[in-house]
2 protein chains.
Amino acid sequence: MPETYRAEIRQLDLFADMEDSNFETLMRGTYVQTFPPRIDLITEGDPSDFLHIVLSGSVDLFACWNGRETSMATVRPVSTFILAATIREAPNLMSARTLEKSRIALLPSEDVRAVFDTDGAFARAIVRELAQCYRTVVKNTKDLKLRTSLERLANYLIRHSARAASSEFELNMEKRRLAAFLGMTPENLSRAFKGLEPYGVKVSGSNISISDPDDLARFAKPDLLIDDYST
Amino acid sequence: MPETYRAEIRQLDLFADMEDSNFETLMRGTYVQTFPPRIDLITEGDPSDFLHIVLSGSVDLFACWNGRETSMATVRPVSTFILAATIREAPNLMSARTLEKSRIALLPSEDVRAVFDTDGAFARAIVRELAQCYRTVVKNTKDLKLRTSLERLANYLIRHSARAASSEFELNMEKRRLAAFLGMTPENLSRAFKGLEPYGVKVSGSNISISDPDDLARFAKPDLLIDDYST
DNA sequence: GATTTCGATTGATATTTGTCAAGCACCTGT
DNA sequence: ACAGGTGCTTGACAAATATCAATCGAAATC
């Protein structure tokens, strides 16, 4: 079914309001590919040849320097990545690899830029998307600079508990990646989980349960301007 | 001379390509005000009523949580801030205060959004601006997560030495703010300067001189994908 | 079913960073 | 010149975090 993904992409905020003909132009050069787990899709520093859209599976955005590596974000369906690099015709700042088997749509960056130059609705949608991304990174920076690793973990757990709408949930990534995402070592994450036990956090493998959410929240002090990813 | 600022603003990338009539619409509600040093312009969490443009002076963007405070960025002429919040009609994530006597233009956010909805050229300019901002924050996050405070300071000095095109230059902000910007305490910054002495960094008040830039660079390992603010 | 592999954990230790308190240096206004 | 304020620096100490090595345990492989 080579056409099924079109509707999927068309429904994305980014593409929903644009001209039909421009959407067709974009889709003409687009191809969809399924990648196995742990495949490198992009290496930081490479030119941004394609705008990527995750249709299924998940992708890790990470960055390296001087032999160190850190995880910057996880991209889940259905959303795009390296939009900013595509627009600015600049090298990618982050690398990307699949976490699991994933279907990815690839839109030639040239086409994206060309349509962007003529389709105002598309430009406006990109603005909204980029503004969202920007605000997410700013929140992340505040999290990193204003909180200790224990506080970051506590707030991470609260956010995910809220998203799961349950005081019990599964971590959706390896602990080593969670550690990198939160800006600490895996060893430190282990100890941080221990450190949250007094606040009612129980860990068993990737299963987390929070026995007293209010108690945990009193410690974590979640803040809309850091932890609310919806605005 | 109440009209001089118009030309200044019109020349900004953000406003250069838009329709004359739309620019007029924006300017109609715009006013320019001069603020003394250390005046709070915006408090995080407040609605984003105005897009701000720094015409002269400089503005500190900072953020607080749980009694802690950190500096996120310095805005210098001529550029805008809180563009993302304005577009998304969302609360500001950062607070802003003048560092010195500053002239600031204030554009009602409603007008900005209205023009944005009809003027494709304006929307495209906003995209480029936001993509730039986004990439800057991503670089910042990499700096924070991948480097120690000593490495961050070393790379900061190299960037500013390059900008000044000289191995001797003046810090353009208080050391306490530099410390907050680099994600450390003022005490730690003092020690970090000491720690860079073996690499030829000499500090005298706000005057910095780097006696052996290559030696410092060998330690700092500057990286285009973190330290190059032009792409 | 045994083996291997790899991530997670733990303990011991080192490094980095922050905190507190005191002193210093420089500016400013009187 | 002086006093007061403010930011910077320093030292002693404490807390946070990283590193290294060893072990554990569950899942994958043979």
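Proteins come first, then strands; the chains are lettered A, B, ... in the order of their sequence lines, and each starts at number 1. These numbers come from the heavy atoms of this one structure, side chains and all, not from hydrogens, waters or symmetry mates.
Going from atom CZ of B:Arg147 over to atom C1' of C:dT16 covers 17 Å, rounded to whole Å. The separation between A:Arg68 atom CZ and D:dA18 atom P is 11 Å, rounded to whole Å. Per the geometry, CZ belonging to A:Arg38 stands 16 Å off P belonging to C:dT5, to the nearest Å. Atom CG in A:Asn188 sits about 17 Å away from atom P in C:dA12, given to the nearest Å. Rounded to a whole Å, the CE atom of A:Met184 is 16 Å from the C1' atom of D:dA15. Protein atom CZ of B:Phe193 is 11 Å distant from nucleotide atom C1' of D:dC8, rounded to whole Å. B:Glu174 has its CD atom 13 Å from the C1' atom of C:dC27, to the nearest Å. One can place CG of A:Leu189 at 15 Å from P of D:dT19, the figure rounded to the nearest angstrom.
More than 12 heavy atoms of other residues, nucleotides or ligands sit less than 6.0 Å from atom CZ of A:Arg68. Enclosure of atom CZ in A:Arg76 by more than 12 non-hydrogen atoms of other residues, nucleotides or ligands within 6.0 angstrom is indicated.
A:Thr148 comes within 4.0 angstrom of sugar-phosphate atoms only, judged by non-hydrogen atoms across all strands, and of no base.
Counting only heavy atoms from C-beta on, B:Ser190 has its side chain closest to D:dC8 among C:dT10, D:dC8, D:dG7. Nearest to the side-chain atoms of B:Arg176 among the listed nucleotides D:dG7, D:dT9, D:dT17 stands D:dG7. Residue B:Lys194 places its side chain closer to D:dT10 than to any other of D:dC8, C:dG18, D:dT10.
Taking for each of A:Leu150 and B:Arg177 the nucleotide of DNA chain D with the nearest heavy atom, the 5'-most of the two is the partner of B:Arg177. Nearest-nucleotide positions on DNA chain D for A:Glu187 and B:Gly205 put B:Gly205 closer to the 5' end.
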Salt bridge (charged side-chain N to carboxylate O under 4.0 Å, His left out) between B:Asp13 and B:Arg128: does it pass, once the steps are laid out?
-> CA-CA 9 Å; B:Asp13 284 347; B:Arg128 292 194 197 92; over 6 Å; no
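With hydrogens and angles left out, the side chain of B:Arg191 and the base of D:dG11 share a donor-acceptor pair within 3.5 Å.
Judged by the 6.0 Å and 45° rule, A:Arg163 forms no cation-pi pair with A:Phe169.
Contact detail for B:Leu55 and B:Ala105: the closest heavy-atom pair is CD1-CB, 4.1 Å.
Remark: A:Ser149 is in phosphate contact with D:dT17, judged by side-chain N or O atoms under 4.0 Å from OP1 or OP2.
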